[in-house]
Every structure is written in C-alpha cells, then in structure tokens.
Amino acid sequence: MRFISGIQPSGNITLGNYLGAVKNFVKLQDDPRFTDMLVFVADLHAITVPQEKLELRKNIKQLVALYLACGLDPEKCHIFIQSEVPHHAELGWCLQCNTYIGELERMTQYKDKKERQVAGVSSGLLTYPALMAADILLYDCDCVPVGVDQKQHLELTRDIAARFNNKYGETFKIPEPFIPEAGAKIMSLADPLKKMSKSDPNPKGYIALLDDINVAKKKIKSAVTDSDATIRYDLENKPGISNLLTIYSCCTGTSLKDTEAKFKDSSYALFKEAVADAVAAELEPIQKRYNEIINSKLIDEVLDNGRDYAIYLANKKLNKVYNKIGLGRKR
Ligand code: AQP
C-alpha cells in the first residue's frame, strides 16, 4: 500500500502537528502493510494566507529537517517539496474545475480561516481542498494519515475522485483516511476549545518543536485548565485537563486509561510538572538531531531524490488525466 501526507510550512511545527501527524508517519514506516511512503512540504498550501518570503523559505527547510529529526527515514520514505512537482498545481486546476463552490464553502477550515483574515480572503483559501485532492490522487494512494481536522477535506477528495471517475472513466484510486487513535486533535494550551495551530498569533497556545525546552515546559505549566481540581478525561467539562492527559499519553506511549489512573490523586501542579517533563523528553532528542541536520547536505540530497521519484509517478497520472479530459495533443 502507498500513503501520502504533508504539512504546510506556515509557521513553527507544533506538538499538535507532531502528535497528530509526524509521529504517526514515523510509526507507519515500520508497518509492513506500507510499501511506499511519500511525505511532502505543502508550500503551495501555505500561500493561501499571506507569507513573508524569507520566513517561508526558512520554514520549508526547517520542516524538512524536522521530518528527518523526528525519525522519517529517507530510505523508507520519499520526502519532497510540493512546488517542485508542478503536477500538483496542474492536476489541482483540473480537479477545481470538477468541484462545486458550494462544496468548498462548506469546509469548516475555510470558514474558520476566513474569519481570521484581516486583509482580504484569497480565492486560494476557498479552493485549497481541490489542490489537496490533487496531492493525494496524483499518486494512487491507498490511505492518507491525517489529524481529525483534515477528515472533512479527505472526504471531499473522495467525492471529487468518484465524480471524476464517473464522468471520465476509471482514473483515480479512492483513498481512505488513516486517523491516529490518540493525538488526532491536540488543543490550544491557551484555549482548550480551539485546535493547537502553528499560525496561532498567541505563542502560549502552542508548543513549537523547536521551542526552548524551558519555554515549552513553562507553557504546559501555565496551560488553561479549570478550578475543579480533579484529574479525569472529560472533554466536555474539562477540556484543558483532557488535553494534557492526551499529550502525556501520546508522548509517553501510556494508554489514556492508564494515564488517568496514574494521576487521579495528583494535584494540578504535580500533574502539569509530569506532562512538562514528558514533553521535554520527547522534544530534546528531536532538537539534538535537528541541530545536526539543519546545515548538512542531507537536506538537498533527500529533496532531490524525493522530487525525482514524485515527478516520475505524477507524470504518468497527469498524462492519463489530460488524455481523459481531452487536453492538448494525445500523449
Ligand atoms: N492540533 C492538532 N492536533 C493533531 N493534529 C494536527 N494537525 C494539525 N494540527 C493538529 C495535523 O497536522 C498535519 C499538518 O497540518 P497542516 O499544516 O497541513 O494544516 P493544519 O491542519 O491547518 O495545521 P495547523 O498547525 O493548524 O496549521 P495552520 O495554522 O497553518 O492552519 C495534518 O495531518 C493535520 O491534521
């Protein structure tokens, strides 16, 4: 089976991106069901909202180094930058022409991000899911590991693929979502009703993988909780504590049930201390490897190989799509 997934270089990669996505990719590398893996840097998606040029370039490189530092192995997984494979944008356009505006307007991420834009909403923010569909359908992927927040986009990808197949004949494989059992949605530390996001203007809401360890610990210790003083998993009434239980569970590999039992008689202060230590233990080795990789030649080598492989696969699929639609001359 083949899988693909990507992350936008739209800021500093957070603990949410790591626990909901990257940590899962690393596990899947050793799952014998997966014989081919593609992980990319979704830079075309990042420009749906304004990005500063130098910051974007820095974030792209940083994300590749973090993929490697978190344990993605270029021997097992092809890593590439989306904009270096132009087929994504080309297929994205074809799929956009087979997607209805009403479908795009229903996407909750579009509605949320639209509200946050102060200086105008780009049409790319609306059409983003058609490009995401192209990212996946180009490679005949069997499944896409994502956090819960991307489930709706993946369902739209399946609808777009089925519609295209109906209209033009069998072209795309219909992919399945692959959502981790735990960590699928890590919440903001400043507002546990909101998802932890790398573009959150309030840095207290997220832990970046490259945050100074003491800063990261401090953010956990000042995470918003409640005044009820009992530690139990209750998303509705205790979202802050539930989020910290999830973070501890994902970082240490302890089940949620065992984590709850372990801390049921703790004070909030001791519990937060333990969560902060667990996060620090997860971040420290990643940061050490990151510092070894960020200025090495490995990044370009990995990206060149990943790009070439992605282009090889994408070319075949795009030719098929153009022939089915009747674009250009027969290829
Ligand atoms: N809080 C989260 N908990 C679990 N998983 C998460 N993901 C994102 N946030 C969480 C998963 O990370 C992957 C990459 O996401 P993305 O960068 O493509 O877009 P996003 O979902 O919009 O992530 P952010 O951090 O919220 O980015 P911005 O702030 O730029 O919008 C996906 O698999 C996602 O599910």
Side-chain angles (χ1 to χ4, degrees), residues 1-9 21-22 25-26 28-47 60-61 63-68 71-98 130-146 154 157-158 160-161 164-165 168-176 178 293 296-331:
M1 289 208 295
R2 176 179 291 147
F3 91 57
I4 189 158
S5 205
I7 295 186
Q8 299 177 61
V22 186
F25 307 161
V26 175
L28 295 179
Q29 283 184 145
D30 296 317
D31 184 329
R33 286 174 299 166
F34 296 103
T35 46
D36 199 14
M37 302 180 34
L38 295 136
V39 173
F40 64 99
V41 175
D43 56 348
L44 293 174
H45 287 288
I47 61 166
I60 291 170
K61 188 173 176 196
L63 179 51
V64 179
L66 276 172
Y67 278 153
L68 296 167
L72 282 185
D73 176 355
E75 297 289 321
K76 297 178 184 162
C77 171
H78 300 96
I79 299 173
F80 67 96
I81 299 174
Q82 183 188 28
S83 64
E84 294 187 359
V85 183
H87 309 66
H88 286 246
E90 293 178 61
L91 180 61
W93 175 252
C94 297
L95 297 181
Q96 199 177 308
C97 294
N98 283 280
L131 179 59
M132 176 167 162
D135 299 336
I136 298 164
L137 300 177
L138 258 183
Y139 300 102
D140 277 336
C141 288
D142 299 278
C143 87
V144 187
V146 283
L154 200 60
T157 295
R158 288 165 56 85
I160 295 171
F164 193 100
N165 287 349
Y168 297 105
E170 205 56 30
T171 310
F172 297 121
K173 188 176 254 183
I174 314 268
E176 297 288 336
F178 195 94
I293 292 167
S296 76
K297 287 197 182 121
L298 180 66
I299 296 185
D300 280 329
E301 282 168 22
V302 165
L303 289 175
D304 288 348
N305 288 336
R307 176 203 57 209
D308 294 348
Y309 182 69
I311 287 180
Y312 163 73
L313 294 179
N315 215 20
K316 288 198 275 188
K317 181 60 78 182
L318 194 66
N319 280 341
K320 186 168 179 180
V321 169
Y322 277 18
N323 282 337
K324 294 258 179 183
I325 300 179
L327 290 170
R329 286 175 286 166
K330 189 157 172 49
R331 302 168 185 222

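- Between the CZ atom of Phe164 and the NZ atom of Lys324 there is a distance of 8.0 Å, given to the nearest 0.5 Å.
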Quick one, His87 with Asn315, criterion side-chain contact (heavy atoms from CB on, under 4.5 Å). Give me CA distance, side-chain angles, the key distance, then yes/no. CA-CA 7 Å; His87 309 66; Asn315 215 20; 3.2 Å; yes
Output, in order, the C-alpha distance, side-chain angles, deciding distance and verdict of side-chain contact (heavy atoms from CB on, under 4.5 Å) for Phe172 and Val321. CA-CA 9 Å; Phe172 297 121; Val321 169; 3.6 Å; yes
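- Residues Val39 and Cys77 come closest through the heavy atom pair CG2-SG, 3.6 Å.
- By the salt bridge (Lys or Arg N to Asp or Glu O under 4.0 Å) test, Arg329 is found to be paired with no residue, residues two or more places apart in sequence or in another chain being considered.
- For the pair Arg158/Glu176, a side-chain contact is recorded, criterion being any heavy-atom separation below 4.5 Å from C-beta on.
- For the atom pair Ile174 CD1 and Ile136 CD1, the distance stands at 11.5 Å (nearest 0.5 Å).
- To the nearest 0.5 angstrom, Met37 atom CE is 11.5 Å from Met1 atom CE.
- Under the 4.5 Å side-chain criterion, counting only non-hydrogen atoms from C-beta, Asp140 is in contact with Lys317.
- Between Asp30 and Lys76 there is a salt bridge, with a side-chain nitrogen of the basic residue lying less than 4.0 Å from a carboxylate oxygen of the acidic one.
- A search for side-chain hydrogen bond (donor to acceptor under 3.5 Å, both in side chains) contacts involving Glu84 returns nothing, not counting sequence neighbours.
- You'll find the side chain of Cys94 stays beyond 4.5 Å of the side chain of Glu90, heavy atoms only.
- Here the closest non-hydrogen pair linking Ala133 and Ile160 is CB-CD1, 4.1 Å.
- Ring pair Phe178/Phe3: centre-to-centre distance not below 6.0 Å.
- Side-chain contact between Leu137 and Thr157 is present, with at least one heavy-atom pair separated by less than 4.5 Å.
- Counting heavy atoms from C-beta on, the side chains of Gln29 and Leu72 come closer than 4.5 Å.
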Assess whether side-chain contact (heavy atoms from CB on, under 4.5 Å) is satisfied between Thr35 and Arg2, documenting all intermediate values. CA-CA 6 Å; Thr35 46; Arg2 176 179 291 147; over 6 Å; no
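- Distance check: Ile60 CD1 to Asp43 CG gives 4.5 Å after rounding to the nearest 0.5 Å.
- Ring centroid separation for the pair His78 and Tyr139 does not come in under the 6.0 Å cut-off.
- Qualifying side-chain hydrogen bond (donor to acceptor under 3.5 Å, both in side chains) partners for Asn98, counting only residues two or more places apart in sequence or in other chains: Lys167.
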Go through it in stages, so that I can follow the logic: the residues are Val41 and Ile7, the test is side-chain contact (heavy atoms from CB on, under 4.5 Å), and I'd like the CA-CA distance, side-chain angles, deciding distance and then a yes or no. CA-CA 6 Å; Val41 175; Ile7 295 186; over 6 Å; no
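- With rounding to the nearest 0.5 Å, the separation of CG in Asp73 from CD in Glu75 is 6.0 Å.
- In terms of the side-chain hydrogen bond (donor to acceptor under 3.5 Å, both in side chains) criterion, Lys320 has no residue partners (sequence neighbours excluded).
- Contacts of Ala65 classified as side chain to side chain contact (heavy atoms under 4.5 Å, CB included), with partners at least two apart in sequence or in another chain: Tyr290, Ile293, Ile294, Ile299.
- Closest approach of Pro9 and Ala46 over heavy atoms only: CD-CB, 3.8 Å.
- Between Asp300 and Lys297 there is no salt bridge, since no side-chain nitrogen of the basic residue lies less than 4.0 Å from a carboxylate oxygen of the acidic one.
- For Thr171, there are no side-chain hydrogen bond (donor to acceptor under 3.5 Å, both in side chains) partners two or more places apart in sequence or in a different chain.
- Tested against Val85 for a side-chain contact (heavy atoms from CB on, under 4.5 Å), the candidates Ile311, Leu44, Leu318, Leu38 yield a single pass: Ile311.
- The heavy-atom pair separating Gly92 from Ala134 by the smallest distance is N-CB, 3.4 Å.
- Between Leu95 and Ala130, the shortest heavy-atom contact is CD1-O, 3.9 Å.
- In this structure, the side chains of Leu63 and Gln8 stay at 4.5 Å or more apart for every pair of heavy atoms.
- The line from CH2 of Trp93 to CG of Leu327 is 11.5 Å long, rounded to the nearest 0.5 Å.
- Within the 4.5 Å cutoff, the side chain of Asp304 has heavy atoms near those of the Arg307 side chain.
- Taking the ring centroids of Phe40 and His45, they lie at or beyond the 6.0 Å cut-off.
- The minimum heavy-atom distance between Ser5 and Pro145, with the atom names listed, is OG-O, 2.7 Å.
- Asp135 has its side chain within reach of Gln82: a pair of non-hydrogen atoms, C-beta onward, lies under 4.5 Å apart.
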